[in-house]
Amino acid sequence: EIPTETKEDTKSKEENPKTKEKKKPNIINKQSTDVTYDFSCLINAQDELGTSLILGFGDLTRDVQNDLLSDIDVTIQDEINIGNDLLNDIRKESEVKTSGKEYSKIKKIMNDLVSRLSNPRGFRYEIFLIDNDTINAYTLGGKIFFYRGMYDFCKNESELAAIISHEIAHNELGHSILEIKKITAASEFGIFGEITLLFESETSMSFNQKQEAEADLFGADLIYASDFNNCSSVEVWERSSKSEENFDQIENLKLTHPYSKDRANCIKNHFKNNYNVNCN
């Protein structure tokens with residue numbers, strides 16, 4: 001007969017240093033890949049046709065452009081190199097910090113979230129604190145540029161994680177690849193190519209809204225796998241929405257990001273539908 005161990009026996013063993021067994025290494029939870037991304041939350045009731053067209057034309061435009069530019073190969077190293085160029089440009093305009101208490105905090109958060117990736121593309125992630133009051137964060141080539149204004153806007157580490165996870169998502173989803181292809185193609189035509197690229201960017205900026213929402217949802221998966229507050233990304237965008245005007249059909253055509261209220265709703269739906277987590 002195999003002897004059984006009671007809870008009392010286990011407790012005694014854990015409390016007795018002589019009998020305490022070596023703990024197994026902590027298992028890092030990874031993001032779930034068995035999830036569904038629902039973008040219907042971006043279709044605004046005040047302009048269902050317009051917002052539906054933005055999503056549809058965005059997908060169609062990217063598909064056509066990817067087909068036309070299929071001969072241009074963009075490697076991870078290409079993305080990294082352009083990220084380095086961007087870092088050098090930022091350093092000419094602003095102070096870039098890679099030390100200090102605030103920097104250490106966002107770096108630790110970034111490393112935690114990166115460790116949750118299920119299928120990392122291979123970036124060596126770096127984060128930089130830009131000493132500028134602008135409420136912004138963006139990324140390129142595995143480099144995350146986090147502005148002090150955004151740092152101050154976030155109320156806690158979980159909200160910081162919500163923003164950082166979004167930026168990690170852009171890299172993992174390859175959102176910069178098509179833009180790099182277009183820049184490469186345009187450079188072959190000199191000034192004419194640059195003008196064409198500028199015109200294309202101005203007329204199709206709203207087509208990026210779905211990609212931004214996709215990064216939000218990917219980031220939410222990283223948050224769920226971590227110990228950060230699941231609903232932090234909902235809270236940060238709901239607070240952001242307070243500074244925005246009400247939905248406007250014309251204005252929406254100029255927005256590269258969805259309205260913050262819609263972003264919050266998309267993340268809220270994602271948590272509810274995939275993880276049965278209510279963020280109310």
Side-chain angles (χ1 to χ4, degrees), residues 29-60 62 109 113 116-119 135 137 139 150 153-175 205-249 251-253 255-280:
N29 292 328
K30 300 291 185 177
Q31 72 181 123
S32 174
T33 55
D34 185 22
V35 293
T36 301
Y37 286 4
D38 181 5
F39 299 104
S40 61
C41 47
L42 296 178
I43 300 176
N44 194 287
Q46 298 179 50
D47 184 20
E48 291 188 15
L49 177 60
T51 48
S52 296
L53 287 174
I54 286 176
L55 298 180
F57 275 121
D59 288 341
L60 178 61
R62 279 189 291 274
I109 292 171
L113 293 167
R116 312 291 175 175
L117 292 168
S118 293
N119 300 298
I135 302 177
T139 187
M150 179 61 82
F153 180 76
C154 294
K155 290 187 173 182
N156 50 55
E157 289 190 0
S158 290
E159 290 193 0
L160 290 170
I163 304 300
I164 294 171
S165 65
H166 172 93
E167 301 307 329
I168 292 171
H170 277 309
N171 291 281
E172 295 301 319
L173 293 167
H175 283 168
M205 60 179 63
S206 63
F207 294 169
N208 289 324
Q209 290 187 26
K210 185 176 180 180
Q211 286 186 307
E212 293 298 330
E214 184 180 24
D216 283 341
L217 304 186
F218 187 105
D221 295 330
L222 292 180
I223 293 291
Y224 185 80
S226 73
D227 293 327
F228 296 110
N229 185 326
N230 286 325
C231 300
S232 57
S233 38
V234 174
E235 293 165 1
V236 76
W237 293 123
E238 284 184 339
R239 194 166 70 256
S240 177
S241 69
K242 295 178 181 178
S243 63
E244 295 179 350
E245 301 292 336
N246 293 327
F247 179 83
D248 182 273
Q249 295 178 347
E251 184 66 22
N252 193 44
L253 295 174
L255 296 179
T256 57
H257 293 60
Y259 278 90
S260 294
K261 185 176 181 180
D262 292 332
R263 297 177 73 169
N265 287 335
C266 286
I267 299 169
K268 190 181 297 184
N269 291 344
H270 186 72
F271 276 129
K272 175 60 179 175
N273 296 335
N274 290 284
Y275 302 108
N276 198 28
V277 171
N278 288 304
C279 295
N280 295 320

Original post:
Closest approach of Ser233 and Ile267, non-hydrogen atoms and distance?
Top reply: OG-CG2, 3.5 Å
Subject >> Cys154: partners by disulfide bond (SG atoms under 2.5 Å apart), with sequence neighbours left out >> reply: none
Subject >> Listed partners of Asn276 passing side chain to side chain contact (heavy atoms under 4.5 Å, CB included), at least two apart >> reply: Lys272
**OP:** Could you list the residues that satisfy side-chain hydrogen bond (donor to acceptor under 3.5 Å, both in side chains) with Thr139, not counting sequence neighbours?
**Re:** Asn171
**OP:** Kindly indicate whether the side chain of Phe39, heavy atoms from C-beta on, has any atom under 4.5 Å from the side chain of Asn269.
**Re:** no
Original post:
Do you know the tightest heavy-atom contact between Ala169 and Ala215?
Top reply: CB-O, 3.4 Å
Original post:
Got a sec, which residues hit salt bridge (Lys or Arg N to Asp or Glu O under 4.0 Å) with Lys261, two or more places apart in sequence or on another chain?
Top reply: none
**OP:** Can you sort out the partners of Lys155 under side chain to side chain contact (heavy atoms under 4.5 Å, CB included), two or more places apart, ordered by chain and number?
**Re:** Glu159, Arg239
Subject >> Distance (rounded to the nearest 0.5 Å) between Arg263 CZ and Ser240 OG >> reply: 7.5 Å
Original post:
Is any side-chain heavy atom of Ile109 less than 4.5 Å from a side-chain heavy atom of Glu157?
Top reply: yes
Original post:
Looking at residues at least two apart in the chain, or sitting in another chain, which of them share a side-chain hydrogen bond (donor to acceptor under 3.5 Å, both in side chains) with Asp38?
Top reply: Ser40
Could you tabulate the donor-acceptor pairs under 3.5 Å formed by side-chain atoms of residues 221-229, not counting sequence neighbours?
| unit_1 | atom_1 | unit_2 | atom_2 | d |
| --- | --- | --- | --- | --- |
| Asp221 | OD1 | His270 | NE2 | 2.8 |
| Asp221 | OD1 | Tyr275 | OH | 2.6 |
| Asp221 | OD2 | Tyr37 | OH | 3.0 |
| Ser226 | OG | Ile223 | O | 2.7 |
| Ser226 | OG | Phe228 | N | 3.2 |
| Asn229 | OD1 | Cys231 | N | 2.8 |

Subject >> Listed partners of Ser243 passing side chain to side chain contact (heavy atoms under 4.5 Å, CB included), at least two apart >> reply: none
**OP:** Not counting sequence neighbours, which residues clear salt bridge (Lys or Arg N to Asp or Glu O under 4.0 Å) with Glu238? List them please.
**Re:** Lys268
**OP:** Find out whether Val35 and Leu217 are in side-chain contact, i.e. whether some heavy atom of one side chain is under 4.5 Å from a heavy atom of the other.
**Re:** no
Original post:
In Å, rounded to the nearest 0.5 Å, how long is the span from CZ of Arg116 to CD1 of Ile168?
Top reply: 11.0 Å
Original post:
If you measure from CZ on Phe271 to CG on Asn230, what distance do you get to the nearest 0.5 Å?
Top reply: 5.0 Å
Original post:
To the nearest 0.5 Å, how far apart are OH in Tyr259 and CD in Gln209?
Top reply: 9.0 Å
Original post:
Under 3.5 Å, is there a donor-acceptor pair between the side chain of Asn278 and the main chain of Asn280?
Top reply: no
Original post:
Can you name the residues that form a side-chain hydrogen bond (donor to acceptor under 3.5 Å, both in side chains) with Ser118, not counting sequence neighbours?
Top reply: none
Subject >> Side-chain heavy-atom pair Leu42, Cys266 within 4.5 angstrom cut-off >> reply: yes
Original post:
Are Asp216 and Trp237 side-chain neighbours, meaning at least one heavy-atom pair lies under 4.5 Å?
Top reply: yes
Original post:
Nearest heavy-atom pair of Ser232 and Ser158: which atoms, and what distance?
Top reply: OG-O, 3.0 Å
Subject >> Results of ring pair (Phe, Tyr, Trp, His ring centres under 6.0 Å) for His175 - residues two or more places apart only >> reply: His170
**OP:** Using the test salt bridge (Lys or Arg N to Asp or Glu O under 4.0 Å), find all partners of Glu172 that sit at least two apart in sequence or belong to another chain.
**Re:** none
